[in-house]
Amino acid sequence: MEERKATEPTSVRPCIIVHGGAWAIPDAWKESSVSGVKKAAQKGYECLLKGGTAVDTVEAAVRILEDDPTFDAGHGSVLTEELTVEVDAMIMDGQTLESGAVAAVTGVANPVSLARHVMEDTPHSLLVGNGALKYAKKIDFPILSDPLALISEESRLQLEGNKNFNEAVLSGYNTETCNTGAVVNPGHDTVGAVAMDSSGRLACATSTGGISLKMPGRVGDSPLIGCGGYANEEGAVSTTGHGESIMKTLLAREVVCNMEGGYPPDFACTKALEKMFEQVGGQGGAIAISKHGKVGRGFTTKRMPWATITEGVLKFGIEPNEEISDACC
């Protein structure tokens with residue numbers, strides 16, 4: 001790899017980048033995936049233009065993705081092996097290093113907002129399972145009467161294509177070729193957002209419904225600080241991909257470390273992803289913004305829908321090395 005160093009900016013520019021998960025996205029889902037991340041980026045950028053903070057912005061953008069059944073978060077969540085839904089999310093303020101997260105929660109359509117409550121209204125950083133649900137009820141956070149309402153039709157179809165968790169991982173992240181010979185409908189993955197506001201403050205947020213046919217109680221990287229996301233004054237990142245691999249390598253922190261070392265966000269993401277694959281064979285993706293307001297992304301899976309807006313210019317893509325410009329909000 002050619003090593004490149006970041007250059008100093010002339011001014012702070014509010015910006016946002018979002019992702020809709022790095023995995024083997026089927027052709028039939030390309031259009032809705034791209035449309036979804038564009039809508040989320042536009043919502044986040046509108047928040048920035050109205051003077052919203054970076055934390056406000058990433059929450060707003062991720063909520064759009066959680067409400068879109070195309071993505072594995074909130075209303076598009078996948079099923080555990082016991083045919084239940086458990087969601088995870090995190091949010092982090094890069095200026096203060098305050099963070100909040102929830103994991104293995106049932107009946108919550110917008111876990112990113114519950115995670116923000118944990119960050120701002122409790123002395124804790126992570127609540128899980130029944131404890132997180134009890135806290136949600138305590139603060140009158142919206143809870144669905146039917147937790148299975150979060151299951152999309154696509155998530156139900158995954159049960160027909162994948163026999164178990166390992167097969168879902170192999171087909172979804174193409175870390176290996178699925179050895180069954182069957183045509184599978186792979187489990188879709190995590191969503192996330194990273195933003196810089198007009199004061200130069202950075203934040204990140206990540207949300208997921210997990211991997212199809214996971215064991216109940218399984219928690220991946222998404223709600224874990226330094227794994228599914230990380231933000232400080234140097235940079236912010238949200239990751240996606242095979243959770244167990246991301247956890248082993250602290251992928252989000254690795255990306256930020258690369259930016260701290262002077263690398264621009266795109267190279268910082270690529271360098272960290274290559275290291276993860278070399279160390280544990282895992283694949284995934286990442287989006288990032290540096291303290292200079294530079295935006296970057298990288299992924300090693302078949303596809304990853306992403307969208308970014310800087311200075312009113314919307315760019316997006318889903319295929320490797322694809323970058324398309326379009327009219328903004």
Side-chain angles (χ1 to χ4, degrees), residues 18-21 23 36 40 58-92 99-119 124-137 139 141-156 158-159 165 168 172 187-193 204-225 227-229 238-244 246-247:
V18 303
H19 72 75
W23 60 289
V58 294
E59 179 189 10
V62 168
R63 283 182 63 100
I64 293 294
L65 298 170
E66 289 175 335
D67 290 341
D68 188 335
T70 299
F71 304 104
D72 177 17
H75 288 280
S77 295
V78 297
L79 293 163
T80 71
E81 64 181 11
E82 293 185 358
L83 309 187
T84 57
V85 174
E86 297 178 349
V87 298
D88 314 320
M90 64 79 68
I91 192 166
M92 187 169 186
S99 64
V102 294
V105 184
T106 60
V108 175
N110 295 114
V112 69
S113 293
L114 184 57
R116 184 172 182 180
H117 277 289
V118 173
M119 176 177 72
H124 307 305
S125 294
L126 172 64
L127 295 177
V128 304
N130 287 334
L133 193 58
K134 288 181 179 179
Y135 174 66
K137 293 176 180 178
I139 63 173
F141 191 85
I143 299 174
L144 299 174
S145 57
D146 178 13
L148 296 184
L150 295 177
I151 304 171
S152 67
E153 181 59 27
E154 288 80 3
S155 297
R156 296 180 190 276
Q158 289 166 28
L159 295 178
F165 174 81
H188 44 326
D189 187 52
T190 316
V191 303
C204 67
T206 304
S207 181
T208 189
I211 298 180
S212 188
L213 297 175
K214 66 181 181 178
M215 293 175 62
R218 177 266 185 186
V219 175
D221 67 289
S222 297
L224 303 183
I225 307 306
C227 300
S238 171
T239 68
T240 169
H242 182 224
E244 281 71 15
I246 292 173
M247 292 159 69

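None of the values given here were measured: they were computed from a predicted structure.
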Next on the checklist: Run the side-chain contact (heavy atoms from CB on, under 4.5 Å) test on V118 and V102 for me, step by step, so that the C-alpha distance in whole Å, both residues' side-chain angles and the decisive distance to 0.1 Å come before the verdict.
Outcome noted: CA-CA 8 Å; V118 173; V102 294; 3.9 Å; yes
Looking at every non-hydrogen atom in both residues, tell me the closest pair between [X] and [Y] and how far apart they are.
{"X": "A61", "Y": "V18", "answer": "CB-CG1, 4.0 Å"}
{"X": "G209", "Y": "V78", "answer": "O-CG2, 3.3 Å"}
{"X": "S113", "Y": "E59", "answer": "OG-OE2, 2.6 Å"}
{"X": "A73", "Y": "V191", "answer": "CB-CG2, 3.7 Å"}
{"X": "H117", "Y": "Y135", "answer": "O-OH, 3.4 Å"}

Next on the checklist: Tell me every residue that passes side chain to side chain donor-acceptor pair (under 3.5 Å) with S125, counting only those two or more places apart in sequence or in another chain.
Outcome noted: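 Partners of S125 by the side chain to side chain donor-acceptor pair (under 3.5 Å) criterion come out as none, since no residue qualifies.
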Under the side-chain contact (heavy atoms from CB on, under 4.5 Å) rule, collect the residues that match up with [X], sequence neighbours excluded.
{"X": "I143", "value": "L133, A136, K137"}
{"X": "S238", "value": "H19, V194, T206, I287"}
{"X": "L224", "value": "L126, C227, M247"}
{"X": "P142", "value": "none"}

Next on the checklist: Using side-chain heavy atoms (C-beta onward) and a distance below 4.5 Å, is V87 in contact with T208?
Outcome noted: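 They are not in side-chain contact.
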Next on the checklist: If you define the side chain from C-beta out and look only at heavy atoms, does anything of R116 sit under 4.5 Å from M90?
Outcome noted: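 Side-chain contact under 4.5 Å: no.
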Item to check | Stepwise side-chain contact (heavy atoms from CB on, under 4.5 Å) test for L114 and I139 | outcome: CA-CA 10 Å; L114 184 57; I139 63 173; 4.2 Å; yes
Item to check | side-chain contact (heavy atoms from CB on, under 4.5 Å) evaluation trace for V58 with M92 | outcome: CA-CA 9 Å; V58 294; M92 187 169 186; over 6 Å; no
Item to check | Spatial distance of atom CD1 (I211) from atom CZ (R218) [nearest 0.5 Å] | outcome: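 CZ of R218 is found 4.0 Å from CD1 of I211.
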Next on the checklist: What's the separation between atom NZ in K214 and atom CG in L79, rounded to the nearest 0.5 Å?
Outcome noted: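 K214 atom NZ to L79 atom CG measures 10.0 Å (nearest 0.5 Å).
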Next on the checklist: Could you check whether any side-chain N or O of D68 sits under 3.5 Å from a backbone N or O of G36, counting only pairs where one atom can act as donor and the other as acceptor?
Outcome noted: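 Side chain of D68 to backbone of G36, a donor-acceptor pair under 3.5 Å: no, none is there.
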Checklist entry - Can you check side-chain contact (heavy atoms from CB on, under 4.5 Å) on F71 and S207, steps first, answer last? => result CA-CA 10 Å; F71 304 104; S207 181; over 6 Å; no
Item to check | salt bridge (Lys or Arg N to Asp or Glu O under 4.0 Å): pairs with one or both residues in residues 79-88, sequence neighbours excluded | outcome: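 Non-adjacent pairs meeting salt bridge (Lys or Arg N to Asp or Glu O under 4.0 Å): zero.
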For residues 103-112, please give each side-chain donor-acceptor pair under 3.5 Å, one per line with the distance, not counting sequence neighbours.
| from | atom 1 | to | atom 2 | distance (Å) |
| --- | --- | --- | --- | --- |
| N110 | OD1 | R63 | NH2 | 3.4 |
| N110 | ND2 | E66 | OE1 | 2.9 |
| N110 | ND2 | D67 | OD1 | 3.2 |

Next on the checklist: Hydrogens and angles aside, do D72 and T190 bring a side-chain donor and acceptor to less than 3.5 Å of each other?
Outcome noted: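 Side-chain D/A pair, D72 to T190: absent.
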